[in-house]
Amino acid sequence: MKNSFKRIDAHLSTLGYCSRSEAAAFLKKHQVSSGGVRVRDVKCKVFHTNVLVDGKELDPETLTLLMNKPEGVICSHNDAGKLIYSLLPQRWQRRNPKLSTIGRLDIDTTGAILLTDDGGLNHKLTSPKSKAPKVYEAILAASLKGDEAEIFASGRLMLHGEKKPLLPAKMEVLSEKKARLEICEGKYHQVKRMFAATGNKVVALHRVSFNGCDVDDLEPAQYKLLMLHSDEYNLE
Ligand code: URA
């Protein structure tokens, strides 16, 4: 439960500062205070916003980040290879519940990805009802033919293996072999499959923004904290 009194050992462990069994040693090593009073007992009950560790406020109880995903990292907790979570500070990697990506980007796709430990927010933004807009820039192997925008906007494009056509999507030509595409659903490899359906091939894919959050100010692998909470976030 957020905003409630919790045992300091449990709370520090939830936030990834140390494990419960390491809490006694952590309290000895670090200046942990609650309401200005030094906390020395692992059983002490604290209120999140009253706690300081070495003079600093605790990390937020709910963490949501926007990252500019670099190429070569995987949006998964258990695949072989370099996982996106390895780009985060160790403490955030130890949080419980874990930070998870909101949806996924392919290993070779770069750009905007949200990570959160707010299960409600993750569910809302990945639910088929969400219609969160996702804007991509795709570099293509062959020149655009000219009918792609119409095909994508039609609401009739059926991808192989799907039961329903895709929702209408907006495409803008940026150059002969480059397009900007806005979609509001998130089917597996959707952008690559959309261009494949027109006889083309995506050779590089960058997500410019997710639900209005863009990564223009972030270098690859950089991230920033966002103040998003599922209970303040009504997508219905
Ligand atoms: N569409 C794709 O094909 N790949 C992604 O990573 C995202 C959308």
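Both ligands and their constituent atoms are indexed starting at 1 by order of listing.
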Using a threshold of 4.0 angstrom between heavy atoms of the protein and any atom of ligand 1, which residues qualify?
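The answer is Leu105, Asp106, Thr109, Tyr136, His189, Gln190, Val191, Lys192, Leu205, counting any residue whose heavy atom sits under 4.0 Å from ligand 1.
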With no hydrogens and no angle check, is any side-chain donor or acceptor of [X] less than 3.5 Å from a backbone partner on [Y]?
X: Gln93; Y: Tyr85; value: yes
X: Asp106; Y: Asp108; value: no
X: Asn211; Y: Ala132; value: no

Quick one: do Lys56 and Asp54 make a salt bridge, cutoff under 4.0 Å?
no
Considering only heavy atoms from C-beta outward, does the side chain of Val215 approach that of Val208 to under 4.5 Å?
no
Once ring-ring contact (aromatic ring centres under 6.0 Å, His included) is applied, what residue pairs with a partner in residues 126-145 remain, sequence neighbours excluded?
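Found none.
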